Novice: 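I'd like to ask some things about the structure below.
Computed from a predicted structure; not experimentally measured.
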Amino acid sequence: MYLVTSDPIDVHQAEALLADPRAGAIVTFCGVVRDHNEGREVLHLAYEAYAEMAQAQLEGIGREILERWDAKRVVLIHRVGRLAIGEVAVLVGVSAPHRGAAFEACRHGIDTIKRDVPIWKKEYFVGGETWVEGCCHQD
C-alpha cells in the first residue's frame with residue numbers, strides 16, 4: 001500500500017498488510033509529531049504535498065524496496081493536513097525473510113521519503129510558524 005492521505009494513519013491496519021508467510025521479519029517505523037523542535041514548543045504541524053507526484057514516488061520507492069531487499073510486502077503512508085502532537089505523520093513498513101533486510105529497507109524507505117518525496121512540513125510553535133527546511137534530519 002502506497003498512500004498520501006489526509007485521514008489518520010491506522011498503524012494496526014498497516015501492520016496487518018505486512019503479514020506474509022514468507023517473511024520472518026516485519027519492521028515498521030512511525031514518524032510522530034513531537035511537542036518540541038530546536039528549543040521551541042511545537043503546537044501542531046501541517047503537511048502539504050504535490051499529491052500526484054508524491055503518490056508516484058511512494059510507489060517507486062516501494063518497488064525499489066521489493067526488488068533490492070527481496071521484501072515481501074511494503075507499506076508507505078504519509079499524512080497531509082493539520083496534525084496534533086502524538087499523531088502519526090508517516091509510516092514505513094517492510095516485511096522480509098530476515099531482520100537485517102527488513103531494518104535496512106525500512107531505513108532506506110523513510111530516508112528516501114524525507115529526501116525525495118514532495119511533501120512539505122510547516123511547524124506551528126509558541127510565538128510563530130515556519131516552513132521546516134531539510135525534513136531529512138538523521139535522528
Side-chain angles (χ1 to χ4, degrees):
M1 169 191 267
Y2 311 113
L3 183 64
V4 176
T5 182
S6 59
D7 295 329
I9 295 173
D10 184 335
V11 175
H12 297 295
Q13 179 185 36
E15 289 174 338
L17 293 171
L18 294 166
D20 188 291
R22 301 168 294 170
I26 296 174
V27 173
T28 58
F29 168 82
C30 292
V32 178
V33 179
R34 65 178 179 254
D35 67 357
H36 66 281
N37 187 35
E38 298 184 357
R40 296 188 296 219
E41 181 181 352
V42 174
L43 302 172
H44 65 273
L45 298 178
Y47 288 91
E48 293 184 11
Y50 176 6
E52 294 82 9
M53 181 179 281
Q55 180 73 37
Q57 289 187 325
L58 290 180
E59 292 170 9
I61 294 166
R63 283 192 302 273
E64 179 190 13
I65 289 171
L66 288 168
E67 293 172 10
R68 187 169 163 187
W69 282 277
D70 189 29
K72 301 309 174 198
R73 296 179 189 246
V74 177
V75 174
L76 306 172
I77 305 171
H78 205 298
R79 181 104 180 262
V80 293
R82 180 182 167 143
L83 280 74
I85 305 302
E87 288 192 282
V88 176
V90 59
L91 182 142
V92 176
V94 177
S95 61
H98 304 286
R99 68 180 180 271
F103 276 116
E104 286 178 23
C106 190
R107 178 67 187 244
H108 176 78
I110 187 60
D111 289 348
T112 305
I113 288 170
K114 290 183 140 249
R115 187 187 65 231
D116 296 345
V117 178
I119 297 174
W120 302 276
K121 178 168 67 175
K122 190 169 192 178
E123 181 181 273
Y124 294 83
F125 56 90
V126 174
E129 60 191 53
T130 187
W131 288 100
V132 178
E133 291 279 334
C135 295
C136 50
H137 292 278
Q138 299 295 316
D139 57 1

Novice: Mind checking whether Phe29 and Leu17 sit in one hydrophobic cluster, side chains of I, L, V, M, F, W, Y counted as touching below 4.5 Å?
Specialist: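 In one cluster: no.
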Novice: With side-chain contact (heavy atoms from CB on, under 4.5 Å) as the test, would you mind laying out the steps for Leu18 and Thr28 before giving the verdict?
Specialist: CA-CA 9 Å; Leu18 294 166; Thr28 58; 3.6 Å; yes
Novice: Taking only residues at least two apart or on different chains, which pairs with a member in residues 89-102 satisfy side-chain hydrogen bond (donor to acceptor under 3.5 Å, both in side chains)?
Specialist: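 Every pair satisfying side-chain hydrogen bond (donor to acceptor under 3.5 Å, both in side chains) with a residue in residues 89-102: there are none.
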Novice: Looking at Asp35, is its backbone amide N or carbonyl O close enough to the side chain of Glu41 to form a donor-acceptor pair, meaning the two atoms are under 3.5 Å apart?
Specialist: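 Such a contact is absent between Glu41 side chain and Asp35 backbone.
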Novice: How close do Trp120 and Trp131 get, counting heavy atoms only, and between which atoms?
Specialist: CB-CZ3, 3.8 Å
Novice: Flag yes if Ile119 and Ile110 sit in one hydrophobic cluster, no otherwise; membership is Ile, Leu, Val, Met, Phe, Trp, Tyr, and two members link when side-chain heavy atoms are under 4.5 Å apart.
Specialist: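 Yes, because Ile119 and Ile110 connect within a single hydrophobic cluster, where side-chain heavy atoms sit under 4.5 Å apart.
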Novice: Membership question, hydrophobic clusters at under 4.5 Å side-chain separation (ILVMFWY): are Val92 and Val75 in the same one?
Specialist: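 Different hydrophobic clusters.
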Novice: Compare every heavy atom of Ala71 with every heavy atom of Val94, then report the nearest pair and how far apart it is.
Specialist: CG1-CB, 3.8 Å
Novice: Give, for atom CG of Leu76 and atom CD1 of Ile61, the distance between the pair rounded to the nearest 0.5 Å.
Specialist: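 Answer rounded to 0.5 Å: 6.5 Å.
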Novice: About how many Å separate CD1 of Ile26 and CD of Glu15, when rounded to the nearest 0.5 Å?
Specialist: 8.0 Å
Novice: Look at the aromatic rings of Trp69 and His108 and report parallel, tilted or perpendicular, splitting at 30° and 60°.
Specialist: tilted
Novice: Excluding sequence neighbours, so at least two apart, what forms ring pair (Phe, Tyr, Trp, His ring centres under 6.0 Å) with Phe103?
Specialist: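 Per chain and number, Phe103 pairs via ring pair (Phe, Tyr, Trp, His ring centres under 6.0 Å) with no residue.
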Novice: What I want to check is whether the side chains of Glu123 and Asn37 have a donor and an acceptor closer together than 3.5 Å.
Specialist: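 Side chains of Glu123 and Asn37: pair found under 3.5 Å.
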Novice: Looking only at non-hydrogen atoms, find the nearest pair between Val27 and Ala102 and report the distance.
Specialist: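 Looking at all heavy atoms of both residues, the closest pair is CG2-CB, 3.6 Å.
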Novice: Supply the atom-to-atom distance His78 NE2 to Ile9 CD1, rounded to the nearest 0.5 angstrom.
Specialist: 7.5 Å
Novice: Please report the interatomic distance CD(Gln13) to CE(Met1), rounded to the nearest 0.5 Å.
Specialist: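 With rounding to 0.5 Å, CD (Gln13) is 5.5 Å from CE (Met1).
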Novice: What are the two closest non-hydrogen atoms of Ala14 and Ile77, and how far apart are they?
Specialist: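 The pair with the smallest heavy-atom distance is CB-CD1, 4.3 Å.
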Novice: Using a strict threshold of under 4.0 Å (side-chain N to carboxylate O), is an ion pair present between Arg107 and Asp111?
Specialist: yes
Novice: Can you give each donor-acceptor pair under 3.5 Å made by side-chain atoms of residues 84-91, sequence neighbours left out, with the distance rounded to 0.1 Å?
Specialist:
from, atom 1, to, atom 2, distance (Å)
Glu87, OE1, Ala84, N, 2.6
Glu87, OE2, Arg79, NH1, 3.2

Novice: Are Val80 and Leu3 joined in one hydrophobic group, where the rule is that I, L, V, M, F, W and Y side chains link up if heavy atoms are under 4.5 Å apart?
Specialist: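 In one cluster: no.
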Novice: Should the pair Lys122-Glu48 be classified as a salt bridge under the 4.0 Å nitrogen-to-oxygen rule?
Specialist: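 No, no charged N to carboxylate O under 4.0 Å.
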Novice: Salt bridge (charged side-chain N to carboxylate O under 4.0 Å, His left out) for Lys114 and Asp116? Distances and angles first, verdict last.
Specialist: CA-CA 6 Å; Lys114 290 183 140 249; Asp116 296 345; over 6 Å; no
Novice: If I take atom OH from residue Tyr2 and atom CZ from residue Arg63, how far apart are they, to the nearest 0.5 angstrom?
Specialist: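 Result: 8.0 Å between the selected atoms.
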Novice: Crowded around Arg68 CZ? As in, over 12 foreign heavy atoms under 6.0 Å?
Specialist: yes
Novice: Can you name the nearest heavy-atom pair linking Asp70 to Pro97, along with the distance?
Specialist: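 Nearest heavy atoms, Asp70 then Pro97: O-CD, 3.4 Å.
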Novice: Enter the distance from Thr5:OG1 to Asp10:CG here, rounded to the nearest 0.5 Å.
Specialist: 11.0 Å
